[in-house]
Every structure is written in structure tokens, then in C-alpha cells.
Amino acid sequence: MLGHCTYKNRFSDRTECREYRGDRWDEAGASADCGEWGAELESGACDDEDILGACVLGDPERVIRVVVPGSDAGDCRQQERGCEIFGGGIFVPGPVCGGEDLPDPVEGDVFQWPVLECKPPLAGEPAGQSEGGDVCTWSMISGCTEPGRDFAAYASCDRVRTQRPYSAQPTPQPEVEDPRLSDPAYAEELAWVTEQVSACACVCCHQTSLTPDGAAIWDLEAPGNWIHTFTPYGLAFAGGFLDSSLLGAYPADQNNGFDRASTGLPTTDPERMRAFFAAELEHRGLSPDDFADADPTPAPFYQQYLFAPQACAEGEGVAADGTITWEGGSARYVYVLAADAPNPGVPPNLDLPEGTHWRVEVPWDSAPMPSRSVRYGELPEGARQGFPKDGSPPALEAGSTYYLYVLADIGVPITRCLFKYAG
């Protein structure tokens, strides 16, 4: 961890403390962020005896953890809503709000690309829908196996957990009985939602028995009604009342009938899923309309989507001999795109935007590429061509402007700028 700064939030008028965690923070960047809040960077972590919780923002290698001190549990819901609805972060309750001591954010693994895993059905289960009766499942965070089956039996959760930040952050469940569990109609809908979730990769982070250290935020195995472990933000996300399309999705016909185009949780029946979570929000005194003005989520992906590139620094770009130079450290993905191309997003459907001329990448288990080690159209040792699928990329035209987009890993850009090719 690089350090922290303490300040008064100009919007809430509360004292807060920002911690800067992750390998991509440096002193200049953290000091600049502190300066925007009228504070100075100090060493070490935030240190407050009474803590409501923390709002976790950013990507795994550049985390800001906003710690909110306080002793009044009546402030907990307001802090949760402010973090998740307006800040686009994840609220982790501290001791005052019913949580444990705040866990340290953990760094994510290198992104491992999905694999279509085809396996015979488990003993006693019916034949699968794929060739030879196999069950075929994408080992991807947005992937699902066939309805009525368990995802973890047919695809690798270890691979999936490299594709999103994971840490055990349980949400305390209220110690009350839910009378709705005795309502046959509600129980039927809850069982259907549980079956849908069980078939999808969500379980890799949200089902305690399948995780390394416990469920992240909500838990499919929580006692009583596990839906209680969703935050309001989580309910809105699950029901599709927040736009989460930037997280990527497979077409339903490539994902065993599961669609994620209009709901946060993949489902074979989007309208039924939306209705369930709309009712759950109403049960808590909220409605989908409370989230109507929220930006697309997650906030870091939305910021990357909106990013407008400026001119490259002197020396950056593609030289006349094809050498590619960038700043910010070694890379796993290097794009050369048309000047007006959209920003690359995440797989499986957003990582090759229209206007991509060339993408070179290295596998997760290989060393990343240093700047100036890549020439346009030539593959360094250990690298592979992500685009085009076959053949050489189009030649660059002298005098034309192109977009250089370089990532340390999926979702972690380090250089994004426009350069004029001298030829």
C-alpha cells in the first residue's frame, strides 16, 4: 500500500480517509488525487477506532479504498447507497455496520481467457445438448452451463476468478425470519432464481463452498433467504436496472440459452428475472426508478468506455521501422486502431472494437512485453496475434493518425493515445 490522506468530503461534509493500494499507484498519482480533496499524502493505512465501512473503487492494481469513520449505525444505509449508487463502488461494512474488521483488498490474477469445456454429463444426469451428449460450457465470468446443472461441475472456477477481482467480503444477513419463504409462489420463484444462478459462473465468487476464502458480498449458500445478502445496488444490478453491458456477454445461443443483455445475472427468462428483483427492491422500500439516473456499471469500465485519447507523448507510437513505443511499463495487449475506433472493452464481445487493425498479446503464463520489443505486424517470441485471425494486418499509411491502446492486462490500460505515422 502506498499511503493515505484524510479530508472532509465536500459533498457529504463527512471526514473520510483514502487509501491507495495496488502496484499501479505511484507517489505522484496518489499525491495528485489527495490534492483534489485538499489533502496531503501520508504513509501507512487509515487508522480510526470506529469505522462505518469502506467504499472500494478502481481496478485490482489501482484501488482506492475510502474508509468512513463513524459510530452511528443509523448512518450505514446512507453510506452504502452513496458508495454503490452514486460512487459506482462496492461498500464493505465495518464493525459499526455489522461487518468484521475491514479486509485488505487483494490483487487480481492475470486474466486467463475462457475455454469451451465439453464434458460428459454427471452420473444420473441426462445427456447434454452438444455433440455426443456432452455438456459444453464457457469458463468465463459471463458463461453458463445447461439449465438445471451446476456450473462448477462443468467448468473451471479457478480460471473464472482471474477474470474479475475476487475477495471474501460477506454481507451480514439480518437475524429475522422471512415469512415469504412460507409463500408457495415466492418459494417457487426463489428456487428458480437459485437454479439459474447455480448454472452460471457467478457461483465461483458468490457460493461459499466454491470459493477460496468465502463469498464475495452475496452468498448463494447463506442460511435462510440468501437474497438478503444482496445490497440494494446488487439487487438493481441483478435485475438489470443498472446498465452492466460493459462487463461483456455471450449471445444466448452460444451460452446454453442464458442471456445477459438485459439483466445483470444471466438467465433463460429475462422478464421473469427482472420481475423477481423488482419485487425484492420494493420489499425493501425501493424501486427500479431509484436507479434510473445511475451511470453504467462498473464505474472503471464506464470511464474507460468514455475515455477520449489525446496526442501521444513524443516518441510514443509506431516508428517508421514498425517499432512500437509506449509508456507505463510492460504490456500483455497492444492494439493499433483507427483514430476514431471505440475503446477496447472486455471479452467475449467487447475486446475487438470496429476499427481494430492489429492486436498482439501474450498468454497469461508468459512474461509481458516491454516497450520497443514489438514491431507492427511481427510477433515477438511467445506472443500471438489476437487480430486479425489470419494473415497480416493492413499496412499503415504515412501521414495518417492511429490510436495506440496498450494494456498491462484486460481492463488495465497504461497507454491510450493518438499518433501520426511517419512511414
Side-chain angles (χ1 to χ4, degrees), residues 84-86 88 90 114 129 137-138 140-149 151 160 163-164 185-186 188-206 217-218 220 226-227 229-284 286-306 342-354 411:
E84 299 192 344
I85 297 176
F86 302 110
I90 295 174
Q129 299 170 7
T137 309
W138 283 107
M140 178 68 186
I141 193 68
S142 51
C144 299
T145 194
E146 295 177 1
R149 304 183 196 268
F151 179 89
V160 166
Q163 299 161 3
R164 293 282 190 276
Y186 179 82
E188 180 181 356
E189 290 306 287
L190 177 62
W192 175 78
V193 171
T194 303
E195 180 183 85
Q196 294 270 289
V197 174
S198 297
C200 297
C202 310
V203 297
C204 297
C205 297
H206 299 287
I217 309 298
W218 56 271
L220 191 65
W226 64 273
I227 296 295
T229 60
F230 275 94
T231 65
Y233 174 92
L235 295 175
F237 172 91
F241 310 119
L242 295 169
D243 179 0
S244 63
S245 59
L246 294 175
L247 288 170
Y250 290 102
D253 61 3
Q254 297 176 24
N255 200 30
N256 290 308
F258 282 84
D259 182 12
R260 217 192 69 81
S262 58
T263 57
L265 296 180
T267 176
T268 58
D269 189 338
E271 289 307 312
R272 188 176 178 183
M273 186 70 77
R274 288 173 66 86
F276 179 87
F277 282 98
E280 197 64 33
L281 282 169
E282 292 168 6
H283 180 71
R284 300 197 194 181
L286 300 167
S287 81
D289 291 342
D290 291 324
F291 302 86
D293 296 328
D295 287 335
T297 188
F301 286 10
Y302 185 49
Q303 293 161 7
Q304 291 176 24
Y305 170 78
L306 294 176
N343 294 308
V346 299
N349 61 320
L350 303 174
D351 58 301
L352 287 175
E354 185 176 354

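These figures come from a predicted structure and were not determined experimentally.
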message: What I'd like to find out is whether the side chain of Val197 reaches to under 4.5 Å of the side chain of Trp218, using heavy atoms alone.
response: yes
task: Taking all non-hydrogen atoms of both residues into account, name the closest pair between Leu246 and Pro296 and its distance.
output: CD1-CB, 4.3 Å
field: Atom of Ala201, atom of Met140 and distance for their closest heavy-atom approach
entry: CB-O, 3.2 Å
Beyond-backbone contact of Glu280 with Phe230, side-chain heavy atoms, under 4.5 angstrom: no
query: Would one find more than 12 heavy atoms of other residues, nucleotides or ligands at under 6.0 Å from atom OH of Tyr305?
result: no
query: Does the side chain of Phe241 come within less than 4.5 Å of Ser287's, by heavy atoms?
result: no
query: Is Asn256 reaching over with its side chain to a backbone N or O of Thr137, donor-acceptor style, under 3.5 angstrom?
result: no
field: Main-chain N/O of Thr268 paired with Gln196 side-chain donor or acceptor, under 3.5 Å
entry: yes
query: Rounded to the nearest 0.5 Å, how far apart are CD1 of Ile217 and OH of Tyr233?
result: 10.5 Å
- prompt: Where do Pro232 and Phe291 come nearest, in terms of heavy atoms and distance?
  reply: O-CZ, 3.6 Å
message: What I'd like to find out is whether the side chain of Leu235 reaches to under 4.5 Å of the side chain of Arg284, using heavy atoms alone.
response: yes
field: Residue pair Gln163 / Val346, side-chain heavy-atom distance below 4.5 Å
entry: no
Inter-residue atom distance Ile227.CD1 - Thr194.OG1, 0.5 Å rounding: 6.5 Å
Residue pairs, two or more places apart or on separate chains, that pass salt bridge (charged side-chain N to carboxylate O under 4.0 Å, His left out) and touch residues 260-279: Glu189-Arg272
query: Looking at OG1 of Thr231 and CZ of Phe237, how far apart are the two atoms once the value is rounded to the nearest 0.5 Å?
result: 10.5 Å
query: For Asp351, which of Pro353, Pro348, Pro347 qualifies under side chain to side chain contact (heavy atoms under 4.5 Å, CB included)?
result: Pro347
query: Can you tell me how far the CG atom of Leu306 sits from the CZ atom of Phe301, to the nearest 0.5 Å?
result: 13.5 Å
field: Phe277 vs Thr263, side-chain contact (heavy atoms from CB on, under 4.5 Å): CA-CA, chis, key distance, verdict
entry: CA-CA 10 Å; Phe277 282 98; Thr263 57; over 6 Å; no
statement: Between Leu220 and Ser198, the two heavy atoms sitting closest are CD2-OG, 3.5 Å
- request: Would you indicate whether the side-chain heavy atoms of Ser142 and Leu247 approach each other to under 4.5 Å?
  value: no
query: Do you know the tightest heavy-atom contact between Cys200 and Phe151?
result: O-CB, 3.5 Å
query: Counting N and O atoms only, with roles assigned by atom type, does the side chain of Gln129 sit under 3.5 Å from a partner on the main chain of Glu146, one being a donor and the other an acceptor?
result: no
task: Can you tell me which residue pairs pass the salt bridge (charged side-chain N to carboxylate O under 4.0 Å, His left out) test with a partner in residues 232-259, sequence neighbours excluded?
output: none
Check: Cys202 and Pro266 side chains under 4.5 Å, non-hydrogen atoms: yes
